[in-house]
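Okay, so here's the structure we're looking at.
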Amino acid sequence: MLKHTRLSDPELYRLVGEELDRQEHNIEMIASESTESEEVLELSGCVFANKTTEGYPGARFQAGSQVADKMERLGIERAKALFEADHANLQPYSGSTANYGVYAAVLKPGDVVLGMRLDHGGHLTHGSPANFMSKFYDFVSYGLNRETELIDYEELERLARERRPKLIIAGGSAYPRLIDYERAAKIAHSAGGLLMADMAHVAGLVAAKVIPSPVPHADFVTFSTTKTFCGPRGGMILCKAPHARALDRGVFPGAISSIHLNIMAAKVWCLKNAASPSFKATMEQVLKNAAALAEELTRHGFRVIGGGTDNHIVLLDLRSKKITGKLFQDALEYVGITINKNMIPFDSEKPLITSGVRIGTTSVSQRGMKEPEISRIAWIMNRVAAAPEDKGNLEDCKAEALKLIAQFPLYPRGPLE
Ligand SMILES: Cc1ncc(COP(=O)(O)O)c(C=O)c1O
């Protein structure tokens with residue numbers, strides 16, 4: 001695949017090889033990750049990368065855009081059919097840019113926006129003071145109920161009544177349960193606002209129809225095309241017909257300029273792939289594997305936040321094991337299982353330490369792992385948690401993890417070169 005780079009820049013070529021080797025021999029369980037297919041890798045580097053174009057099909061700012069027009073129209077039609085949406089915009093560079101596109105479409109500086117707290121599972125772009133959007137809009141946070149660890153819809157309703165937000169954002173980075181989009185939409189609309197569902201994490205599960213879709217309820221739906229959608233590093237937006245024009249203007253010229261047409265080509269391939277029976281089967285297995293992981297880890301004495309999972313995410317509270325998220329993440333990394341430390345709701349630890357970890361099952365499911373392998377992974381995790389600083393224990397666990405992952409090649413159709 002990198003036959004030219006191999007000759008012109010052997011140093012960089014070796015680094016790509018090193019990363020491929022790391023991925024091949026690690027059990028990747030970062031919830032936002034998935035494995036890009038060979039087609040996605042090919043298309044991400046195809047000649048559409050040479051073309052500069054801005055605007056929309058039939059109304060471009062640059063000449064020579066006829067083929068780009070055909071490709072973008074094909075993608076829009078595929079996205080509308082796949083998600084049963086009135087309108088689709090494939091131009092955002094990422095999930096974050098997709099959110100900025102919606103903000104540009106509907107918000108004015110100072111408008112009130114309700115988003116889920118970052119430390120309760122929301123996202124940086126939903127109003128974190130660390131994100132520059134918080135300088136322009138008046139973000140107000142809602143969170144989870146302390147007992148159920150589910151979205152506190154009563155609090156959301158109360159805040160909406162009091163603050164009359166222009167936009168409510170429903171969706172998160174570390175929320176393992178289903179979201180009641182219908183209820184969120186009713187809350188937004190009765191306060192005179194709009195609902196934006198950010199399904200960055202669960203877009204693949206929604207596309208495969210294995211979890212409920214926000215599309216019938218939300219005015220806007222944004223997502224990353226990585227994560228469960230298993231595509232290139234990009235973003236996409238769906239919306240209801242009355243918002244189509246405003247959305248397109250919000251994305252271009254509001255939030256981006258020239259389109260990454262090569263990445264768009266990879267998205268267009270994914271929109272076909274996501275309608276296939278094999279993608280549906282993978283997404284079904286992602287859910288089964290996450291449920292099995294939650295169950296097995298509970299059996300080993302871990303506490304699963306929210307009482308379980310309805311998607312690809314398992315969020316663990318490690319306090320019952322008397323270890324921090326950082327220690328567990330580092331010990332598992334040594335062993336060859338890649339996860340990330342994560343704040344849990346009402347966490348008393350600092351963000352760089354945390355009391356929890358977030359684990360995802362997309363990549364392992366793509367590699368063909370099923371419940372028996374998940375049970376083995378949970379067993380290794382429990383052993384690591386029992387003695388995370390014992391070198392001998394970690395070496396034994398590493399050998400187990402390596403033996404397991406060796407049976408499931410990253411690219412089973414043949415090695416990448
Ligand atoms: C809920 C949510 N929205 C948006 C994003 C941003 O997506 P991207 O990394 O594609 O910009 C993420 C990424 O983790 C996310 O979890």
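Start at 1 and go down the list; that is how both ligands and their atoms are numbered. All values below were derived from every heavy atom in this structure, side-chain atoms included, with hydrogens, water molecules and symmetry-related copies excluded. Position 1 is the first residue of the sequence; numbering continues from there.
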Check against side chain to side chain donor-acceptor pair (under 3.5 Å), N131 and H126: CA-CA 9 Å; N131 182 278; H126 299 179; over 6 Å; no

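- Of the protein's non-hydrogen atoms, S224 OG, 3.0 Å is the one closest to atom 7 (O) of ligand 1.
- Ranking protein heavy atoms by distance to atom 3 (N) of ligand 1, first place goes to D198 OD2, 2.6 Å.
- For the pair K321 and F302, the cation sits on the ring face: its NZ or CZ lies under 6.0 Å from the ring centre, inside 45° of the axis.
- The closest protein non-hydrogen atom to atom 11 (O) of ligand 1 is S96 OG, 2.7 Å.
- Residues H120 and F346 place their aromatic rings such that the two centres sit under 6.0 Å apart.
- Using bins of under 30°, 30° to 60° and over 60° for the plane-to-plane angle, the ring pair Y100/Y103 lands in the tilted bin.
- T125 and N99 share a side-chain donor-acceptor pair at under 3.5 Å.
- Using a 4.0 Å cut-off between heavy atoms, S173 contacts ligand 1 through both its backbone and its side chain.
- At a heavy-atom distance under 4.0 Å, no atom of R233 approaches ligand 1.
- Heavy atoms of G172 come nearer than 4.0 angstrom to ligand 1 in at least one pair.
- In the vicinity of H201, heavy-atom distances shorter than 4.0 Å reach the ligand 1 atoms 16 (O).
- The protein non-hydrogen atom at the shortest distance from atom 13 (C) of ligand 1 is K227 NZ, 2.9 Å.
- Contact annotation: M199 has no heavy atom less than 4.0 Å from any atom of ligand 1.
- Between E333 and K398, none of the side-chain N atoms (NZ, or NE/NH1/NH2) sits under 4.0 Å from a carboxylate O, so this pair counts as no salt bridge.
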